[in-house]
Protein chains: 2
Amino acid sequence: MSKDTLPGLTACNNAMLRRATRKIGQYYDDVLAPSGLKATQQGLLYQIHVGNEPAMGVIAASLIMDLSALGHTLKPLIRDSYVETFADPADRRIKRVRLTPQGRAKLDEAMKLWQVAQQRFEDMVGKEKAARLRAVLDEIAAVDFNETPAS
Amino acid sequence: MSKDTLPGLTACNNAMLRRATRKIGQYYDDVLAPSGLKATQQGLLYQIHVGNEPAMGVIAASLIMDLSALGHTLKPLIRDSYVETFADPADRRIKRVRLTPQGRAKLDEAMKLWQVAQQRFEDMVGKEKAARLRAVLDEIAAVDFNETPAS
DNA sequence: TTGATTTAGTGGTATATGCCACCTTTGACG
DNA sequence: CGTCAAAGGTGGCATATACCACTAAATCAA
């Protein structure tokens, strides 16, 4: 248990996850700061970039994020002209998202900083340990807590 | 890589951490919902409970949370009379926090639900795996990213 | 075809969190 | 002492994220 930790904190999976997320989030945000993007925004731009003009619902599902939360998060990026949206011609309920030229440029810029943060993280934590962590996190993200526990 | 994941998502330590935190947060929140508390609030009440009328700065450091963020998070709990604050007589810059009787009762109620969520999580994920995950998260939370990488 | 249902998003409201500027209280020092 | 820097918080502003009620579009069913 790390110093400065009050008793009992380390028992809760959720609390530990949040705590680590705050820490790492601050670190990645810090490195990304020169780009003017938060790490969440950089990640979102990247998702949009690798997707094929993805629908909002698809992005939200990928990120395990509430659809309305995604809508809110998208707003500053639209305001700053990094992304734009358009209705799917075949199904006008669906709103697709894509990067603007400025968005692509900004993402390029941010990805360089991201690589610095990512590399340093792996240097500090260990490449193997980081990979195992991500694998466990991905596994947990895929658990259906409504199912009966595995036997 | 889980289904519904766009390419490349799993590479970023920060993004994976956030994604898993959203997922687990929703799950714990769901189970805690009958108490009217969010998981973050239950966790915060618990920290206050186990602390010895902790100062805000001490809580913030324990949770690796910005002091002002803690202040904001505390507000609804103060409004609902679950916690109260008072100046440290020996150093009036320091504001200490403690549970009210209602806060203790609400925490009792929430802890019962927390145990349900926690138990089910461990059943689904595996007790050992969960413990290892928490250990890694605690380790990462303790890393000083300003230091030179370990040799 | 038309009415009920489902699907995809929006907007409002509330909490979670961070940064920055600012204020007060201490504590150190000449 | 009186000044001044450091420590501990507050408030404002911005983003992150969730839930809910509501709207519009597409689908299904009779």
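Predicted model only: the values in this text are computed from it and were never measured. Just so it is clear: chains get the letters A, B, ... in the order the sequence lines come, proteins before strands, and each one is counted from 1. Heavy atoms only: backbone and side chains are in, while hydrogens, waters and symmetry mates are out.
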Please state whether the phosphate of [N], meaning OP1 or OP2, lies under 4.0 angstrom from any side-chain nitrogen or oxygen of [X].
X	N	answer
B/Arg93	C/dG27	no
B/Arg79	C/dT15	yes
B/Arg92	C/dT26	yes
B/Thr73	C/dT15	no

Residues of residues 21-37 of chain A with any non-hydrogen atom less than 4.0 angstrom from an atom of DNA chain C: list those, numerically ordered, please.
A/Arg22, A/Gln26
Chi angles and distances behind the salt bridge (charged side-chain N to carboxylate O under 4.0 Å, His left out) call for A/Glu53, A/Arg98:
CA-CA 5 Å; A/Glu53 300 189 335; A/Arg98 67 180 160 225; 3.3 Å; yes
Using a cut-off of 4.0 Å on non-hydrogen atoms, how would the nucleic acid contact of A/Asp91 be classed: base, sugar-phosphate, or nothing?
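The residue A/Asp91 makes sugar-phosphate contact but no base contact.
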Contact class for B/Gly57 (heavy atom, under 4.0 Å): base, sugar-phosphate, or nothing?
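It contacts sugar-phosphate atoms only.
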Are a donor atom and an acceptor atom from the side chains of A/Tyr28 and A/Gln42 found within less than 3.5 Å of each other?
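Note: A/Tyr28 and A/Gln42 side chains miss the donor-acceptor criterion.
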In whole angstroms, how far is the [atom2] atom of [N] from the [atom1] atom of [X]?
X	N	atom1	atom2	value
A/Gln42	D/dT15	CD	C1'	16 Å
A/Lys75	D/dA16	NZ	C1'	13 Å
B/Asp66	D/dT15	CG	P	17 Å
A/Met65	C/dG9	CE	P	14 Å
B/Asp88	C/dT25	CG	C1'	12 Å
B/Leu70	D/dG8	CG	C1'	12 Å
A/Leu74	D/dA16	CG	P	10 Å
A/Leu67	C/dG9	CG	P	6 Å

Output the single nucleotide from D/dA16, C/dG9, D/dC19 whose closest atom is nearest the side chain of A/Pro76.
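The answer is D/dA16.
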Among the candidates D/dG9, D/dG12, D/dT17, find the nucleotide nearest to the side-chain atoms of B/Met56.
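Nearest to the side-chain atoms of B/Met56, counting from C-beta on, is D/dG9.
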Is any side-chain N or O of B/His72 under 3.5 Å from a base N or O of D/dG11, one able to act as donor and the other as acceptor?
no
Should B/Val143 and A/Phe121 count as side-chain neighbours, where that means a heavy-atom distance under 4.5 Å?
no
Student check: side-chain heavy atoms of A/Cys12 and B/Gln118 closer than 4.5 Å:
yes
I need the minimum non-hydrogen distance between A/Asn14 and B/Ala39, along with the two atoms involved.
ND2-CB, 3.3 Å
Closest heavy-atom contact between B/Leu17 and A/Ala20?
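So the minimum-distance heavy-atom pair works out to CD2-O, 4.1 Å.
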Evaluate A/Asp138 against B/Arg19 for salt bridge (charged side-chain N to carboxylate O under 4.0 Å, His left out), listing each step before the verdict.
CA-CA 8 Å; A/Asp138 192 38; B/Arg19 196 171 74 124; 2.4 Å; yes
Assuming nearest nucleotide by heavy-atom distance, tell me which of A/Lys38 and B/Asp80 is located more 5' along DNA chain C.
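It is B/Asp80 whose nearest nucleotide is closer to the 5' end.
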Determine, step by step, whether B/Arg134 and B/Glu122 satisfy the salt bridge (charged side-chain N to carboxylate O under 4.0 Å, His left out) criterion, reporting the C-alpha distance in whole Å, the side-chain angles of both residues, the deciding distance to 0.1 Å, and the verdict.
CA-CA 12 Å; B/Arg134 290 196 306 271; B/Glu122 309 239 320; 2.9 Å; yes
